[in-house]
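Chain letters run A, B, ... following the sequence lines, proteins first, then strands; residues in each count from 1.
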Amino acid sequence: MNFLTDAIAWISNPALHEGANSLTARIGEHLGYTFGAVLIGALIAIPLGILVGHTRRGAGIAVTFTGGLRALPSLGVLILIALSVGIGFQAPLATFVIMAIPPLLSGTYAGIHAVNPATVDAARAMGMTPLQVIFQVEFPLALPLVMAGVRSAILQVVATATLAAYVSGGALGVYIFSALARRDYTQMLAASLIVIALAFALEGLFALLQRLARPHGTVVLPVK
Amino acid sequence: MDWLAKNWELVINLSWVHIGLSILPVVVGLAVALPLGWVAFRYKRVGRFLVPASGLLYTIPSLPLFIALPVVLGTSILDPANLVVGLTIYAVALLVRQIVDALASVSQDVRQASVAMGYSSWQRFWRVDLPLAGPVLLSGLRVVAVSTVSLVSIGSVIGVTSLGYLFLNGFKRGIPAEVFTGVVATVIIAFLFDGALVLIGRFAMPWKRKVTS
Amino acid sequence: MIEFRSVSKRYEEGALAVAEVNLAIAPRAVTVLVGPSGCGKTTLLRMINRMVDPTSGQVLIDDVDVATRNPVQLRRSIGYVMQNSGLMPHRTVLDNVTTVPILQGVSRTQARARGMELLATVGLDASLAKRYPGQLSGGQQQRVGVARGLAADPNILLMDEPFGAVDPIVRRELQTELARIQSELAKTIVFVTHDIDEAFLLGDQVVILREGGHVAQMGTPTELLANPVDDFVADFIGRGDESKHLRITERNGTRLVVDQRGRVAGVLAAPEQAAEPHPSKREGGAWTG
């Protein structure tokens, strides 16, 4: 347990909390990557998922596409992009957007697809335009699964954002990689614990948001 | 492609190492998750605790997990066991929920019928529940396999050699072809794993095959 | 009046769902399309509000080809009630009922007032207005479906097996209720079912369809029972069914109606009781005992 007390001592060192490179600033960078990448990913993936789910076309392509993206090793992609655009924040951000897209796309697609076709049929029969069907019926009913996608995208990026420091992109990984170079296990562990705590906090927050996204009246979610 | 022509032996060797490091967590993960998932399904009160708890394990980011494990395991930081145990934890975390869902997907009518025909609960699990839960279980296993293959390379950061070596080495020496080769090799291995699982599924679950007439 | 002029529909898979159908559907009456599954009855119904477009031929409402009308506007002007109600699970009962008027731009307050009236019309308590569909019984959901279909006060109401998914007792209740509503509102109702008893109970006109989308025969229930054109129709309406061959017999001083095997089908009503019920129920009564 010595490691743990050392790690806590490292975190509570006042020097860590001062200046431009303070722990708070690093957490800010980490969260910036997380929300930035998920936001950009959502702007790409949610409309695409709505399109695939609504038209019920191209589902096969979407599944293969997301499967392919999931198979990509994040570290390799990050380094490959960094070698072409240079070190800094751009390469990590681009990588994290790529990581965020599969859960967002498949969550949105699955959510729209799971809406009872009879409900959609009824909406059309009443004279809703395609856009009204999407925004008044399909999307609200899909929201819980869309939020599940957002939640797992957040989780994915908050975990991967540690790697940004490998290409001088800042965030909490800075402490881990500098400690790896110096073989300073205390700092490695302390920084790791902070990242884990951050991931748990975001997970809790989004679990709550996902619950709030459930439309009234849908007691049990249609999953299959 | 010059780089690959000169270094193909290295790539093949690293691929084998990568495959070895990937198989173990998936197999051990399934073996651990199966009884846990069954207990969580059979005893709902346990499941209410076990399923969210396993989900929480999955939220732990990989690199920090590999770094924190030596404290728990008493291993050295450079020990490949940290990587294998870490990936096994992820596999278990994903599979417990999936097994509960898979068992829940078995038709209640079929289950009732098998009880009525006189299956013991042990027989029922192996001959009715597990085979019929197979398709949902398989889809979970495929996700686990693909994510395990892609996560193995993170281990290279803490000194566990795999295809990830090509990423770090390629970055240090500024050779995009080396990094690219590593990415492609990882994706190919992931697809091979996935394809193998699909084939196993088709072989083990002939009733799911589409009849072409 | 709704008119089908040599209408055919071939789906992409190649099967002919509707073959050269000519039909004139009378206004302010209930026309029932009935037939076995695969006879194209739902396809015909859905051509009226352009949920399906015919491959050839024309569908006209009051002499205007529906193909010339904007489908969205057309659908808003026609009520539609379907099996399993198709209610929006995330909207309250009242919000479901007021959907179409609000789409048409009626003010929310006005639409809500009208919605509450409609709930009363279909026999639902006002206290249910704030519930979600998932909190209602199947029969109540179906009543909400009917109220929603009537919300924009359409001249035409399309009903696609609306009572198919509820249990027999509730179904009978809903059928009676629909007959009552129709006697007050006199809409042009096109009603699809596979249940011949329901067709005879509700229909002023009954169209019997056979597989492949052909009209086998059309007429009032009496005409169909008296003169089925062929074996298919005779069979479908149950002429061959011995439980429908009834005769009168007297037991212990009561006049009973019994079938060919001697099983009691009902009690013969005294003449004054049988006098002129609602027209749509006239024929049905004699058959269902």
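Side chains of C:Arg172 and C:Gln175: a donor-acceptor N/O pair is present below 3.5 angstrom, by distance only. Checked by atom type, the side-chain pair C:Asp125/C:Ser127 shows a donor-acceptor distance below 3.5 Å.
No more than 12 heavy atoms of other residues, nucleotides or ligands shown are found within 6.0 angstrom of CZ on A:Phe135. Few gaps surround CG on A:Leu212; more than 12 heavy atoms of other groups in view lie less than 6.0 Å from it.
Heavy-atom distances place both the backbone and the side chain of A:Gln136 under 4.5 Å from chain C. Looking at C:Leu87, only its backbone comes within 4.5 Å of chain A, counting heavy atoms on both sides. With a 4.5 Å cut-off on non-hydrogen atoms, C:Met82 touches chain A through its side chain but not through its backbone.
If you tally non-hydrogen atom pairs under 4.5 Å between each of C:Arg91, C:Gln83, C:Gln104, C:Arg131 and chain A, the highest count goes to C:Arg91. Across C:Val100, C:Leu103, C:Asp160, the residue that shares the most heavy-atom pairs under 4.5 angstrom with chain A is C:Leu103.
Electrostatic pairing of A:Asp121 and C:Arg46 counts as a salt bridge here, judged by a charged N lying under 4.0 Å from a carboxylate O.
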